[in-house]
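Numbering of ligands and ligand atoms starts at 1, following listing order. No hydrogens, no waters, no symmetry mates; every other heavy atom, side chains included, goes into these values.
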Amino acid sequence: MTEHAGDTDPRLAQLRENLAAVRQRIAAAAAAAGRQDHPPRLIVVTKFHPAQDVRRLASLGISDVGENRDQEASDKAAQLHDAQLRWHFIGQLQSNKAKSVVKYAHSVHSVDRPQLATALARAMAAEQERAGRAPLECFIQVSLDEDADRHRGGALPAEVPALAEQLAGAEGLRLAGVMAVAPLKADPAAAFERLAAISAGLAAQYPDATGISAGMSQDLEAAIRCGATHLRIGSDILGPRPALR
Ligand SMILES: *Cc1c(COP(=O)(O)O)cnc(C)c1O
């Protein structure tokens with residue numbers, strides 16, 4: 001008789017099922033967009049969920065996870081140092097956390113101002129000297145909100161060129177592309193179209209900076225249609241987060 005690990009760990013079985021459903025949605029959306037041959041990378045956003053869940057996801061073949069708070073991410077990365085995982089930092093980041101973040105992060109998706117880029121470059125110089133790590137992938141977070149009152153973070157589109165120039169010129173950093181969160185109560189497709197246009201402008205000048213980090217549980221289909229290369233999916237895989245904030 002063969003036994004699946006899910007038989008004895010109901011949480012693993014649940015994650016496997018949720019993951020299969022999300023992968024199915026991604027495959028369908030990629031096929032509909034004619035992107036079967038270059039589907040987006042799935043980053044599972046594990047914020048607020050325990051390190052044990054991240055371990056379960058790793059056992060299910062997940063290689064990329066996303067976190068939005070340095071303390072939590074740093075603790076989990078330490079607990080999971082033996083797993084082959086890429087850690088993506090996706091939240092608002094204070095410059096004084098740069099030193100900590102570069103110790104575990106493969107990428108930062110939320111670079112939104114020159115001071116943060118400077119802090120990351122400085123931290124990477126020290127970290128590369130210490131540990132010889134690969135360059136930090138940096139996405140410029142762009143605000144797609146046309147109403148300043150409902151700002152969900154990010155640089156204004158007009159600020160992107162200067163930030164791109166700074167990131168592209170910084171040793172230890174690699175300009176990977178753009179990132180955005182769809183504005184609340186607006187059509188995500190229209191917002192992601194604006195992001196795609198900003199991305200095209202960036203890639204025209206920096207041919208390697210073709211990344212588009214967009215698409216969450218609610219809007220991954222629209223994001224894939226608009227060319228997302230990195231999806232950040234949390235609740236549809238892990239379930240609801242405890243309401244801490
Ligand atoms: C939490 C979070 C996500 C994941 O959102 P879900 O709706 O749970 O899929 C994606 N991106 C960012 C920036 C987040 O903070």
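For the pair Ser107/Phe89, no side-chain contact is recorded, criterion being any heavy-atom separation below 4.5 Å from C-beta on. In this structure the side chain of Ile224 reaches within 4.5 angstrom of the side chain of Leu231, judged on heavy atoms.
Each of His88, His106, His230 was scored for a ring pair (Phe, Tyr, Trp, His ring centres under 6.0 Å) with Phe139, with one residue passing: His230.
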Note down each nitrogen or oxygen pair, ligand 1 side and protein side, whose separation is under 3.5 Å; give only atom names and the distance to 0.1 Å.
unit_1	atom_1	unit_2	atom_2	d
ligand 1	8 (O)	Ser235	N	2.8
ligand 1	8 (O)	Ser235	OG	2.8
ligand 1	8 (O)	Arg241	NH1	2.7
ligand 1	8 (O)	Arg241	NH2	3.3
ligand 1	9 (O)	Ser217	N	3.0
ligand 1	9 (O)	Ser217	OG	2.6
ligand 1	9 (O)	Gly234	N	2.8
ligand 1	11 (N)	Arg232	NE	2.9
ligand 1	11 (N)	Arg232	NH2	3.4
ligand 1	15 (O)	Lys47	NZ	2.6

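Under the rule for a side chain to side chain contact (heavy atoms under 4.5 Å, CB included), the partners of Ala209 that lie at least two apart in sequence or sit in another chain are Leu175, Leu202, Tyr206.
Looking at Glu221 and Arg225, no side-chain N of the basic residue comes within less than 4.0 Å of a carboxylate O on the acidic one, giving no salt bridge.
Using modelled atom types, one finds no donor on one side chain facing an acceptor on the other under 3.5 Å when comparing Gln92 with Ser110.
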